[in-house]
Amino acid sequence: MSVADADLEKLGFEKAMAELEDIVRRLERGDADLESAIALYERGASLRRHCEAKLKAAEARVEKIMLEAGAPAGLAPLDPQGGGS
Amino acid sequence: MTQDMDSEGPQTPGREGDNAPAFSVSEISGAVKKTLETRFGQVRVRGEVSGYRGPQSSGHVYFTLKDEGAKLDVAIWKGVFQGLRFRPEEGMEVILSGRISSFPGSSKYQLIASSLEPAGEGALMAMLEKQKRLLAAEGLFDEERKKPLPFLPEVVGVVASPTGAVIRDILHRLADRFPRRVILWPAAAQGENCPPEVSAGIRGFNALKPGGPIPRPDVIIVARGGGSIEDLWGYNSAAVVRAAAASEIPLISAVGHETDVTLIDFAADKRAPTPTAAAEMAVPVRAGLVAFLEDLETRRRGAMRRGIEDRRATLRGLARALPRPESLLETPRQRLDAAAAGLPRALALWRAAQERRFAEASGKLEAARGRLSERRSGAARALAVTGERLNHAPQRLIALKRRDWAARPLPSLRPALARRAERLEMVAGRLDSAFRAARAQRIEKLRGLGQLLESYSFKGVLARGFALARDAEGKPIRDAAALAPGDLVALTLQKGEAKTRVLGPEEGSAPQPPLTKK
């Protein structure tokens, strides 16, 4: 399980989603033998957790690059409302 | 060299008389210069660029502005030239701003330009087309260079003005769809700082190391609000186009309004008509993904449940098709029960039959014994009669003989009597032994008959291992043809009895259907 999870960590959201979709389709076809079906089901559960975590990690952070002599020196919070128009 | 002096030149203080002091050349040239600069200190001149050869080694630029009837020398100093948004080109219709001045060393005047702008949209569009062709020839707009946008970027880099509606629109739309971490690289949206700052932003984002203190964006949006073609001109610059084309991070351009096209749009991986649309391209809709994921989850669970249900149903069907163990044993058990139930009756029947036969046999034996004893007593009687007669026979014989002998002389009677007495003695002895012999013979014969009778009994046969088979009525079975499968057969063995059931005729004896299959 931990190996599979480590493998998942590197998996991008879109790929994870595509794999989950594929797994669901294969499960729905119903032609996998029982052992494979269970393995697919469990893999699907991990993928779903992974995708959900990615979706949950939807945080908005807005920062501005601070430049020093044209090179980025750090980040400062950006308040575009306060910036005025 | 000074013949070409303007006819209106002597407008100066020395007009009064011939005696007026003469100007030196330098004086007059200086006066002219001063007059020109005062009178034409700020002019705008429109004309066609001619004789343009690019900056000199000094960095200054000289060319001629002309129209149908006149020519005007133009000088653009290095510092001004570097700040120009549009570079002059041969044949280009431009409007130059600046002042008219003279060059006293050669008695010439010229326009010292402080700015240059293309004359009219047509000229700008022509420039744009030319620039586009040049950059396209470098392959910067090739389709093969285009990279796919990431499906879900973690960090979105924005190169735009830190103030204004553009960044607000992008942040709003990102928040609506899928809030992400946004890093803004502030850059001038127009003016001479625009191209260097925008291209520095694109390159700067690309130069960030993954995992560094400032996160490297997964996608870059270069955005600017709407404006005139001149306002947007910075995004046509070769510097910006090259930076966009060289970006390893997928880049979305969103400059101006929908109808505005700048050259960065061709170099970008994706062109968005507005900054808001760029935000939409950059991230998927989170709610939609959540819903889709939920749908997948429902389907995943459903498919698994159905799979198990199907298998369960199949298993149930198979189990139903399997015969019950009870039913497998039912028929044999029934047959066993029937056989067991018939057994006592068959035994009783057999026993009755045996008893009958025994009675019969013993009756016969009794009769035989009766006849035998009759014969024996008959013989004994006859023997007794004979014995009686025999007992009296000597006296009668003696009496007879005595009479004879009395009548007859009795010569030598005595010896004859003695002989006869001797013979009588012998005869009597033989009679006795004959009787004993006859009796022994008859006893022997009787025993022989008894044995014979015994050997005729079936019991002897049973002792040799044969079995007596009888039907339900107790009648001995002699012919297999009289039997049907399933008939009860009572077997009598030497010791005890058994009941059995006919399975079928012996192989090949009769074409009966097999008994056990049904």
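Naming convention: chains lettered A, B, ... in sequence-line order (proteins, then strands); numbering from 1 in each chain. Side chains included, hydrogens not; waters and symmetry mates left out as well; all remaining heavy atoms used.
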Engineer: For B:K146, is the NZ atom crowded, meaning more than 12 foreign heavy atoms sit under 6.0 Å from it?
Structural biologist: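 Yes, because the 6.0 Å sphere around NZ of B:K146 holds more than 12 heavy atoms from other groups.
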
Engineer: For residues B:P162 and A:K64, report the shortest heavy-atom separation together with the two atoms involved.
Structural biologist: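 In this case the closest contact between B:P162 and A:K64 is CB-CD, 4.1 Å.
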
Engineer: Compare every heavy atom of B:M304 with every heavy atom of A:I38, then report the nearest pair and how far apart it is.
Structural biologist: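 Where A:I38 meets B:M304 most closely, the heavy atoms are CG1-CE, 3.6 Å.
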
Engineer: Taking the side chain as everything from C-beta on, heavy atoms only, tell me whether A:L27 gets closer than 4.5 Å to B:R300.
Structural biologist: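 They are in contact (side-chain heavy atoms under 4.5 Å apart), so the answer is yes.
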
Engineer: Select one option (side chain, backbone, both, neither) describing which atoms of B:E154 are under 4.5 Å from chain A's heavy atoms.
Structural biologist: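 B:E154 touches chain A through side-chain heavy atoms alone.
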
Engineer: What part of A:A45 is in contact with chain B, defined as an atom under 4.5 angstrom from a non-hydrogen atom: side chain, backbone, both or neither?
Structural biologist: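 Its backbone and side chain both get close to chain B.
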
Engineer: So does B:E248 have more than 12 non-hydrogen atoms from other groups sitting under 6.0 Å from CD?
Structural biologist: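 No, the 6.0 Å shell around CD holds no more than 12 heavy atoms from other groups.
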
Engineer: Which region of A:L47, side chain (C-beta onward) or backbone (N, CA, C, O), has a non-hydrogen atom less than 4.5 Å from a non-hydrogen atom of chain B, or is it both or neither?
Structural biologist: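 Looking at A:L47, nothing touches chain B.
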
Engineer: Of the backbone (N, CA, C, O) and the side chain (C-beta and beyond), which part of B:L152 lies under 4.5 Å from a heavy atom of chain A, both, or neither?
Structural biologist: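 Only the side chain of B:L152 comes within 4.5 Å of chain A.
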
Engineer: Is chain B contacted by the side chain of A:D33, its backbone, both, or neither, given a heavy-atom distance below 4.5 Å?
Structural biologist: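 Backbone only.
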
Engineer: Find the distance between CD (A:E63) and CZ (B:R181) and round it off to the nearest 0.5 Å.
Structural biologist: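 One finds 4.0 Å between CD of A:E63 and CZ of B:R181.
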
Engineer: Under the 3.5 angstrom rule, does the side chain of B:R286 hit a backbone N or O of A:L55 as a donor-acceptor pair?
Structural biologist: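 Answer holds: yes.
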
Engineer: Once rounded to the nearest 0.5 Å, what's the spacing between atom CD1 of B:I183 and atom CG of A:L78?
Structural biologist: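 Separation between the atoms: 11.0 Å.
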
Engineer: Would you call B:L184 and A:V62 a side-chain contact if the rule is heavy atoms closer than 4.5 Å?
Structural biologist: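 No; the side chains remain at least 4.5 Å from each other.
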
Engineer: Answer whether the closest heavy-atom distance between the side chains of B:P215 and A:L75 falls below 4.5 Å.
Structural biologist: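 In short, these two side chains touch, coming nearer than 4.5 Å.
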
Engineer: Specify the closest pair of heavy atoms between A:V24 and B:L296, including all atoms of both residues, with the distance to one decimal.
Structural biologist: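 Scanning both residues, the minimum pair turns out to be CG2-O, 3.5 Å.
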
Engineer: Tell me whether the count of non-hydrogen atoms from other residues, nucleotides or ligands lying under 6.0 Å of CD in B:E309 goes above 12.
Structural biologist: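 Enclosed.
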
Engineer: Only pairs of heavy atoms separated by less than 4.5 Å count here; which of B:R306, B:R311, B:R301, B:E294 has the most with chain A?
Structural biologist: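 Highest number of pairs under 4.5 Å: B:R311.
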
Engineer: So which atom in B:R180 and which in A:K54 form the shortest heavy-atom distance, rounded to 0.1 Å?
Structural biologist: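 Closest approach of B:R180 to A:K54, heavy atoms only: NH2-O, 4.4 Å.
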
Engineer: Would you say NZ of B:K78 has more than 12 non-hydrogen atoms from neighbouring residues, nucleotides or ligands within 6.0 angstrom?
Structural biologist: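 Count not over threshold, so no.
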
